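None of these values were measured; they are calculated from a predicted model.
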Amino acid sequence: MFGDYEKFKKDVYQLTKIDLNAYKERQMKRRIDSLITKNKAKNYDEYVTMLKKDKEKFEQFVGFLTINVSEFYRNPDQWKLLEKEVFPELIEKYGNRLKIWSAACSTGDEPYSLVMALSKFLPISQIKIIATDIDKQILDTARMGLYAEKSLAAVPSEFKSKYFTKVGSSYKIADEIKARVEFKQHDLLKDPYPTGCHLIVCRNVLIYFTEEAKEEVYRRFNNSLVQGGVLFIGSTEQIMSYRELNYQRNHSFFFQKL
């Protein structure tokens, strides 16, 4: 409909260094085509020209490519398991200075949730979370720390009253929580991964990747973890070949490096 999609993918890679080959094609192409229609471009080439000339359209496109659906304490039962078993075991094994990476962190709900959850076990001053995402714009939103009320639905009441301030119809997270998270731009498909991690949290993101790309990311996560470190994945995901990738499955969504 809009021309040569293969060429468009190459153009996008040159422009953004985002590799569209790693995403499920039919789903991604449909999303992109709807955005092109919305921007009234006649074809892929015209749209690429538009992206090169218009910074606002470029930022819109990158934001549209990245899937930013997030909320605090998403799937609360899994967070209870994290607090009841995973955190105590990691602290017992590795001490108080845990290295935790929130990968594809979106608007920051997840890394901020990790700080709050971990504050039950450690002084806040000892907590540090590395939080990464491919989308520069969404990282700016995360650093701002302003959220709609519905994002806070699963936040424990003691944390909601202690760490959030109502601003208009939104809620702003406390600076002491924000200070414990270091946000960085990072592409899971091409950038180097942090090393020596005790916990990696990457949830409900890889469902948009091809099977080959997923396996490569899970393999690289395994290399990033210390022996006995844990990978926490989303409720919509599963790692079919986890044994071949050097994990053991502790619970439905928690995988430990062997």
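Around the NZ atom of K128, the shell of radius 6.0 Å holds no more than 12 heavy atoms that belong to other residues, nucleotides or ligands.
Side-chain contact of T132 with W101: a donor-acceptor pair under 3.5 Å is present, judged by distance alone. At a cut-off of 3.5 Å, with distance as the only test, a side-chain donor of H251 or E85 sits close to an acceptor on the other residue.
Residue pairs that meet the side-chain hydrogen bond (donor to acceptor under 3.5 Å, both in side chains) test with at least one member in residues 184-200, sequence neighbours left out, do not exist here.
With hydrogens and angles disregarded, a donor-acceptor distance shorter than 3.5 Å links the side chain of K257 to the backbone of N222. Of the possible donor and acceptor atoms, one in the side chain of T210 sits under 3.5 Å from a partner among the backbone N and O of A213. For K57 (side chain) and M50 (main-chain N/O), no donor-acceptor pair under 3.5 Å exists by modelled atom type. A side-chain donor-acceptor contact under 3.5 Å links D133 to the backbone of S106.
Take F183 and apply the ring pair (Phe, Tyr, Trp, His ring centres under 6.0 Å) test, not counting sequence neighbours, and it matches Y112. Partners of Y44 by ring pair (Phe, Tyr, Trp, His ring centres under 6.0 Å), not counting sequence neighbours, listed by chain and number: F2, Y5, F8. With sequence neighbours excluded, no residue forms a ring pair (Phe, Tyr, Trp, His ring centres under 6.0 Å) with Y13. Take Q256 and apply the side-chain hydrogen bond (donor to acceptor under 3.5 Å, both in side chains) test, not counting sequence neighbours, and it matches Q248, N250. Judged as a salt bridge (charged side-chain N to carboxylate O under 4.0 Å, His left out), and not counting sequence neighbours, K52 has no contacts. The side-chain hydrogen bond (donor to acceptor under 3.5 Å, both in side chains) check on S102 picks up E110, with sequence neighbours excluded. F58 meets the ring pair (Phe, Tyr, Trp, His ring centres under 6.0 Å) test with no other residue; sequence neighbours excluded. In this structure E216 satisfies the salt bridge (charged side-chain N to carboxylate O under 4.0 Å, His left out) test together with R219, sequence neighbours excluded. Annotation: side-chain hydrogen bond (donor to acceptor under 3.5 Å, both in side chains) contacts of R249 (sequence neighbours excluded): none. K214 is linked by a side-chain hydrogen bond (donor to acceptor under 3.5 Å, both in side chains) to E211, counting only residues two or more places apart in sequence or in another chain.
Considering every non-hydrogen atom in both Y147 and T107, the closest pair reads OH-O, 2.6 Å. The shortest non-hydrogen separation linking V48 to L15 is O-CD2, 4.5 Å. Nearest heavy-atom pair, G228 versus L90, reported as atom, atom and distance to 0.1 Å: O-CD2, 4.2 Å. Nearest heavy-atom pair, W79 versus R203, reported as atom, atom and distance to 0.1 Å: NE1-NH1, 3.5 Å. Pairing each heavy atom of R180 with each of I124, the nearest pair is NE-O, 3.1 Å.
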side-chain contact (heavy atoms from CB on, under 4.5 Å) assessment of D11 paired with D45: CA-CA 9 Å; D11 290 340; D45 287 345; 4.1 Å; yes
Side chains of residues 154-166: which donor-acceptor pairs under 3.5 Å do they make with residues two or more places apart or in other chains?
| residue | atom | partner | partner atom | Å |
| --- | --- | --- | --- | --- |
| S161 | OG | S157 | O | 3.2 |
| S161 | OG | E158 | O | 3.2 |
| K166 | NZ | G168 | O | 2.9 |

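If you chain together hydrophobic residues whose side chains sit under 4.5 Å apart, I207 and L188 fall into the same group.
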